[in-house]
Amino acid sequence: METRNETVLRIFESDFYINEMVKVWEEGKKWADWIAELTNRYGLGKRVLDVPCGVGRVSSYLVSQKFEVTGVDISDRMLEIAKRNVPNARFIKGDMRKLSEILGNEKYDIVVNLFNSLGYYNEEDDMDILFSIKSVTKGMAVLNLDNRDYVIFNMPEIRYSYVPPYMVVDTSRFEPTTSRVEVIRKYLDSKGNEVGSLEYSQRYYSLHEVAKMAKRAGFRVVDVLSGYSWKPFEIGDPQMTLVLSTS
């Protein structure tokens, strides 16, 4: 039987998933602009850790704004794309639960964990990720997650999206006893034929849950915002972005 670790790696090494990440490359610019504003607002340095960095869509735009960027990801295939497209950043293979083992004594002005990257493992692992992020942060960390309370009332059972060259069909089921969403994702070609599929489960968090976890990891919650905006988070927002301080 496949372990959760093996399942997560299989997803992120998938041709279909990687194709999706490359096609939303421009979203990285919005986050990079937001991070640049964060440095100005709080007087932070420009040494950034992007974890998990994926194909480098945020790192790319950070480098163009003169940030010194290190990216960490578990996927060899994603790192190959990141290194090819962002040659002026440093990319390292590694598990974000073990950042101090990967990076040694290195500390970063800003550590970013974006695009709802928690929840693929179990809750204990997510706690390990936050402790790990804290261990390499000397300034602030940014944690961006989908809002569980929004998902409960707004997630369609079936969702269609077009990510060239495929139609992507997600069939999702929310399990209230675990707050996990079980997803079957199918990829259809132009004739409607299924050419591939992925199945995965992800834990979703409410604000009070993740704020409690961040505090337990040793962070102070400085602000909670809606996505990559500066609007204060409200319970009906799809995303929550926690700005965390080590002091």
Side-chain angles (χ1 to χ4, degrees), residues 1-14 17 49-54 70-76 78-79 92-108 110-138 140-152 155 172-185 198-222 224 233 238-246:
M1 182 177 178
E2 189 176 59
T3 67
R4 194 178 295 277
N5 284 2
E6 291 169 337
T7 299
V8 170
L9 187 57
R10 177 174 53 79
I11 293 167
F12 297 140
E13 295 270 76
S14 160
Y17 187 85
L49 176 65
D50 181 9
V51 56
C53 63
T70 296
V72 172
D73 204 283
I74 60 169
S75 168
D76 284 314
M78 286 199 180
L79 289 171
I92 304 170
K93 181 180 180 180
D95 189 322
M96 62 182 172
R97 292 169 289 186
K98 303 174 181 178
L99 291 173
S100 59
E101 294 180 22
I102 300 163
L103 300 166
N105 296 322
E106 294 184 18
K107 302 281 185 179
Y108 294 83
I110 307 172
V111 180
V112 295
N113 183 269
L114 308 177
F115 304 118
N116 202 45
S117 295
L118 290 188
Y120 287 98
Y121 303 108
N122 59 40
E123 293 170 26
E124 291 77 15
D125 286 308
D126 287 340
M127 195 66 243
D128 288 341
I129 290 169
L130 293 178
F131 277 118
S132 178
I133 289 173
K134 172 64 167 57
S135 73
V136 295
T137 305
K138 69 176 180 180
M140 287 185 163
V142 176
L143 186 62
N144 166 249
L145 295 170
D146 289 348
N147 173 21
R148 173 189 179 276
D149 301 313
Y150 177 88
V151 168
I152 289 173
M155 181 186 69
S172 304
R173 181 180 65 85
F174 181 79
E175 174 49 61
T177 61
T178 60
S179 289
R180 298 192 76 90
V181 174
E182 310 291 334
V183 180
I184 299 174
R185 176 170 295 176
L198 294 172
E199 294 186 32
Y200 65 92
S201 167
Q202 187 172 13
R203 168 68 155 97
Y204 281 70
Y205 291 97
S206 294
L207 174 57
H208 73 277
E209 293 177 307
V210 71
K212 183 178 180 180
M213 293 167 65
K215 291 174 184 176
R216 182 181 164 198
F219 285 112
R220 177 172 62 90
V221 179
V222 175
V224 184
F233 172 78
Q239 294 182 18
M240 52 190 174
T241 300
L242 287 78
V243 180
L244 309 172
S245 174
T246 57

### Summary
The reported gap from CZ in Phe219 to CG in Leu130 (rounded to nearest 0.5 angstrom) is 7.0 Å
### Task
Show your reasoning for whether side chain to side chain contact (heavy atoms under 4.5 Å, CB included) applies to Thr241 and Val142.
CA-CA 7 Å; Thr241 300; Val142 176; 3.6 Å; yes
### Query
Heavy-atom count around Lys107 NZ within 6.0 Å, excluding the residue itself: above 12?
yes
### Query
Are Tyr200 and Arg185 linked by a side-chain donor-acceptor pair shorter than 3.5 Å?
yes
## Note on the structure
Shortest non-hydrogen pair, Glu13 vs Asp76, comes out as OE1-N, 3.3 Å
### Message
Less than 3.5 Å apart, any donor N or O on the side chain of Tyr121 or Asp128 sitting next to an acceptor on the other?
### Response
no
### Message
Looking at every non-hydrogen atom in both residues, tell me the closest pair between Ser132 and Ser100 and how far apart they are.
### Response
OG-N, 4.5 Å
#### Entry: Heavy-atom pair of closest approach, residues Ser117 and Met96
O-CE, 3.5 Å
### Task
Could you grab the distance from atom CG of Leu198 to atom CZ of Phe12, nearest 0.5 Å is fine?
10.0 Å
### Summary
Separation between CZ (Arg97) and CG (Asp126), nearest 0.5 Å, reads 9.5 Å
### Query
Quick one: does Gln202's side chain get under 4.5 Å of Asn116's, heavy atoms only?
yes
### Task
Might you work through the side chain to side chain contact (heavy atoms under 4.5 Å, CB included) test for Lys215 and Val221, ending with a clear yes or no?
CA-CA 7 Å; Lys215 291 174 184 176; Val221 179; 4.1 Å; yes
### Message
Within the 4.5 Å heavy-atom criterion, are Ile92 and Cys53 side-chain neighbours or not?
### Response
no
### Query
Taking the side chain as C-beta and beyond, is there a heavy-atom pair between Ser179 and Phe174 under 4.5 Å?
yes
### Query
If you round to the nearest 0.5 Å, how far is CG of Leu242 from CZ of Phe233?
8.5 Å
### Task
Would you mind reporting whether Leu99 and Leu49 have side-chain heavy atoms less than 4.5 Å apart?
yes
#### Entry: Nearest atoms (heavy-atom pairs only) where Ser245 meets Val222
CB-CG2, 3.4 Å
### Message
Side chains of Met240 and Tyr150, heavy atoms from C-beta outward: is any pair under 4.5 Å?
### Response
no
#### Entry: Test item: Val112 and Val51 side chains (from C-beta on) under 4.5 Å apart, heavy atoms
no
#### Entry: Flag side-chain contact, heavy atom, 4.5 Å: Glu123 against Glu209
no
### Message
Please report the interatomic distance CG(Leu143) to CG(Leu244), rounded to the nearest 0.5 Å.
### Response
6.0 Å
### Query
Which value, rounded to the nearest 0.5 Å, describes the distance between Ser75 atom OG and Lys93 atom NZ?
8.0 Å
### Query
Just by modelled atom types, is the Phe131 backbone N or O under 3.5 Å from a matching donor or acceptor in the Arg216 side chain?
no
### Query
Does Lys134 reach the side chain of Thr246, with side-chain heavy atoms less than 4.5 Å apart?
yes
### Message
For Gly94 versus Ile74, what's the shortest heavy-atom pair and its separation?
### Response
O-CG2, 3.1 Å
### Message
Show the nearest heavy-atom pair for residues Asn113 and Pro52, with the distance to one decimal.
### Response
ND2-CD, 3.4 Å
